[in-house]
There are 2 protein chains.
Amino acid sequence: MDELDLGVFSEALEKSKTVILGANCSVKYSGRAESSLGFGDRVVIIKSDKTLLVHQPTGSNPINYMKEGSVHRIFKEGKQLIMRSSNIALKEFMDICIKKVYFFNVRGLEDNEKIQLNGTEQHMAEMIYNNPALVEKGFRPLSMEEHTKFGFIDVFGYDRENTLVVIECKRYSGDPKAVDQLKRYVEKVREAKGLVKVRGILACPKLSPAARQMLEKEGFEYRFVKPPKYLEKYDADQKKIGEYSDSDA
Amino acid sequence: MDELDLGVFSEALEKSKTVILGANCSVKYSGRAESSLGFGDRVVIIKSDKTLLVHQPTGSNPINYMKEGSVHRIFKEGKQLIMRSSNIALKEFMDICIKKVYFFNVRGLEDNEKIQLNGTEQHMAEMIYNNPALVEKGFRPLSMEEHTKFGFIDVFGYDRENTLVVIECKRYSGDPKAVDQLKRYVEKVREAKGLVKVRGILACPKLSPAARQMLEKEGFEYRFVKPPKYLEKYDADQKKIGEYSDSDA
DNA sequence: GGGGAGAGATGCCGC
DNA sequence: GCGGCATTTCTCCCC
């Protein structure tokens with residue numbers, strides 16, 4: 001379908017179908033920020049929830065977009081087509097000026113599936129909670145991923161000397177921001193409990209030089225922990241992880 | 001095009017064309033994390049740089065993706081098609097199992113345009129640098145957006161009493177992370193210069209309650225500043241912003 | 001709806 | 001390549 005039938009387009013939006021458009025176009029956007037993009041070949045997608053994406057032929061992210069619930073209409077202006085989108089609630093506006101249409105697809109799509117994802121920071125916290133020896137012998141977790149009154153702490157517990165321990169997990173490299181975050185939680189716990197000594201531990205598979213320096217300066221500790229991957233071994237009912245040794249306990 | 005011609009597909013990838021596929025499919029991914037997604041209707045895009053995106057009919061973000069430079073091949077397995085993608089360098093792998101094809105487009109797309117974006121944090125820093133009175137009377141900026149030896153400081157300068165000032169800009173609401181960041185820079189400058197007093201200012205259009213409390217506790221200050229929007233008034237050569245008054249200077 | 005934090009974040013720039 | 005940081009971040013969860 002090389003031609004863009006305005007009636008088909010309007011009907012597609014009305015019926016919450018998905019629209020895919022390959023076209024040479026330019027884009028102007030104004031809302032939270034402002035942007036301008038000259039003419040080039042792009043893929044434009046309007047989803048059933050009225051999300052609009054403009055994709056260049058390279059890169060992971062859309063170069064321009066409008067959020068869910070936007071309103072789109074299309075009209076002729078001389079030889080060109082204008083696709084005008086607006087989201088009044090968010091005060092966002094976009095004009096796509098279309099010079100040439102390469103392809104045009106309309107299709108109702110149905111998808112009620114949700115993704116199951118493993119190896120996130122939350123899974124790291126669970127793993128540590130269920131395998132305290134990953135931190136150290138005698139560590140006794142109290143909570144994980146909980147909105148405590150001290151903030152959202154990944155893993156919270158006592159060490160063998162009954163000193164409180166705050167653990168911040170990062171699934172990738174520990175960086176200055178992660179140490180900032182750990183420090184903020186540790187200080188909040190110290191103040192709230194009136195304690196002098198609360199331990200802070202950063203658990204991640206890697207540590208940046210600046211982060212290491214900050215950790216040392218604050219008297220915090222580092223533990224090498226990798227996010228768990230257990231797609232085949234994962235039991236959705238039990239959520240048990242049996243492959244991590246507790247031999248140090 | 002309702003049929004997916006395996007030859008057309010292979011040739012498209014070879015010639016760096018863009019492939020758009022509407023299909024009922026399931027997705028499994030393994031790499032930095034692991035994920036599993038049951039059958040549903042989706043749009044699959046392979047870009048000329050071999051980025052792969054899987055989009056559900058709602059939402060801004062791809063539900064699954066492979067990064068630039070991945071390798072994709074497709075083959076029949078019984079009644080179904082398997083699209084297998086891998087990125088050896090990143091140790092990432094994906095299988096898309098295709099049950100039904102709704103549409104299939106192949107097209108070479110060309111786009112050398114780059115977006116011009118206004119109203120970013122960098123523009124806020126430029127605006128303050130060029131209009132110091134936005135901070136206060138007598139403020140003298142030294143640098144902006146520079147990798148100083150104290151870190152990457154948005155705006156750095158002296159106040160009228162020759163006290164050093166570190167300014168952190170945020171284009172949206174100032175939050176605890178922003179105060180952490182400001183604090184880190186201020187402390188670095190203090191230590192490096194052996195100073196007792198270095199001022200910290202958070203410049204943003206909004207401040208969260210927790211951030212306000214942290215600012216006060218640290219003795220830092222808040223300035224109401226909005227990111228500039230000046231699409232029509234922007235002069236690319238001069239980069240001057242004339243609409244902000246300097247009457248306080 | 002706002003606040004707080006993660007993300008398979010991505011993208012950009014600098015070293 | 002890694003480090004550090006912004007993003008029209010987006011998304012989720014909780015208040």
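What you see is a predicted model; the values in this text were computed from it and never measured. The chains referred to below are lettered A, B, ... by the order of the sequence lines, with proteins before strands, and numbering in each begins at 1.
- Between Glu92(B) and Glu68(B), it is Glu92(B) whose nearest contact on DNA chain C lies nearer the 5' terminus.
- Nucleotides of DNA chain D nearest to Ser173(A) and Ala33(A) differ in position, and the one nearer the 5' end is that of Ser173(A).
- Counting any heavy atom pair closer than 4.0 Å across all strands shown, Lys114(B) reaches no nucleic acid atom.
- Proximity of Ser208(B) to Pro176(B): side-chain heavy atoms (C-beta onward) are separated by under 4.5 Å at one or more points.
- For the pair Phe150(A) CZ and dA5(C) C1', the interatomic distance rounds to 18 Å; values are reported in whole Å.
- Distance, Lys67(A) NZ to dC12(D) C1': 13 Å, rounded to whole Å.
- Within the model, atoms CD of Glu126(A) and OG1 of Thr120(A) stand 7.5 Å from one another, a figure rounded to the nearest 0.5 Å.
- Aromatic rings from Tyr185(A) and Phe152(A) are positioned such that their centres are separated by 6.0 Å or more.
- Between the P atoms of dG4(C) and dT8(D), the separation comes to 22 Å (whole Å).
- The distance from the CG atom of Leu117(A) to the OH atom of Tyr29(B) is 8.5 Å, given to the nearest 0.5 Å.
- Glu146(A) places its CD atom 11 Å from the P atom of dC15(D), with the value rounded to the nearest Å.
- Taking atom CG on Leu90(A) and atom P on dT9(D), their separation rounds to 11 Å, with Å as the unit.
- Of the two residues contacting DNA chain D, namely Ala89(B) and Ile115(B), the nearest-nucleotide position lying further toward the 5' end is that of Ala89(B).
- Judged by distance alone, the side chain of Tyr65(A) and the main-chain N or O of Thr51(A) form no donor-acceptor pair under 3.5 Å.
- As a whole-Å value, the separation of Met66(A) CE from dT8(D) C1' is 10 Å.
- When heavy atoms are screened at a 4.0 angstrom cut-off, Ile153(B) is found touching no nucleic acid atom at all.
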At a cut-off of 3.5 Å, list every protein nitrogen or oxygen paired with a nitrogen or oxygen from nucleotides 4-7 of chain D, distance to 0.1 Å.
from   : atom 1 : to        : atom 2 : distance (Å)
dG4(D) : OP2    : Ser208(A) : OG     : 2.6
dC5(D) : OP1    : Tyr185(B) : OH     : 2.5
dC5(D) : OP2    : Arg184(B) : NH1    : 3.1
dA6(D) : OP1    : Glu121(B) : OE2    : 3.1
dA6(D) : OP1    : Glu168(B) : OE2    : 3.1
dA6(D) : OP1    : Lys170(B) : NZ     : 3.3
dA6(D) : OP1    : Gln181(B) : NE2    : 2.9
dA6(D) : OP2    : Lys170(B) : NZ     : 3.3
dA6(D) : OP2    : Gln181(B) : NE2    : 3.4
dT7(D) : OP1    : Glu121(B) : N      : 2.8

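- At whole-Å resolution of the value, CD in Gln116(A) and P in dC12(D) are 16 Å apart.
- Residue Met124(A) is out of contact with every strand shown, counting any heavy-atom pair closer than 4.0 Å.
- For the pair Lys183(B) and Phe220(B), the cation-pi criterion (under 6.0 Å, within 45° of the ring axis) is not fulfilled.
- Distance, His55(A) NE2 to dT8(D) P: 14 Å, rounded to whole Å.
- Salt bridge status for Asp180(A) with Lys177(B): absent, with no side-chain N to carboxylate O gap under 4.0 Å.
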Between Lys50(B) and His72(B), is a side chain to side chain donor-acceptor pair (under 3.5 Å) present by the stated rule, with each step listed?
CA-CA 8 Å; Lys50(B) 305 297 186 292; His72(B) 316 284; over 6 Å; no
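- Atom P of nucleotide dC12(C) and atom CG of Asn61(A) are separated by 9 Å, given to the nearest angstrom.
- Side-chain N/O atoms of Arg32(A) include one lying less than 4.0 angstrom from OP1 or OP2 on dT9(D).
- Going from the P atom of dG8(C) to that of dC5(D) covers 22 Å, rounded to whole Å.
- Side-chain N/O atoms of Asn64(A) and base N/O atoms of dT8(D) include a donor-acceptor pair closer than 3.5 Å.
- The residue Lys206(A) sits close only to the backbone: its heavy atoms come under 4.0 Å of sugar-phosphate atoms, none of a base.
- Where pairing requires Watson-Crick or G-U contacts shorter than 3.5 Å, the helical stems of DNA chain C with at least three consecutive pairs are C:1-7 with D:9-15, C:9-15 with D:1-7.
- In this structure, the side chains of Leu21(A) and Ile45(A) stay at 4.5 Å or more apart for every pair of heavy atoms.
- Under the 4.5 Å side-chain criterion, counting only non-hydrogen atoms from C-beta, Val165(B) is in contact with Ile201(B).
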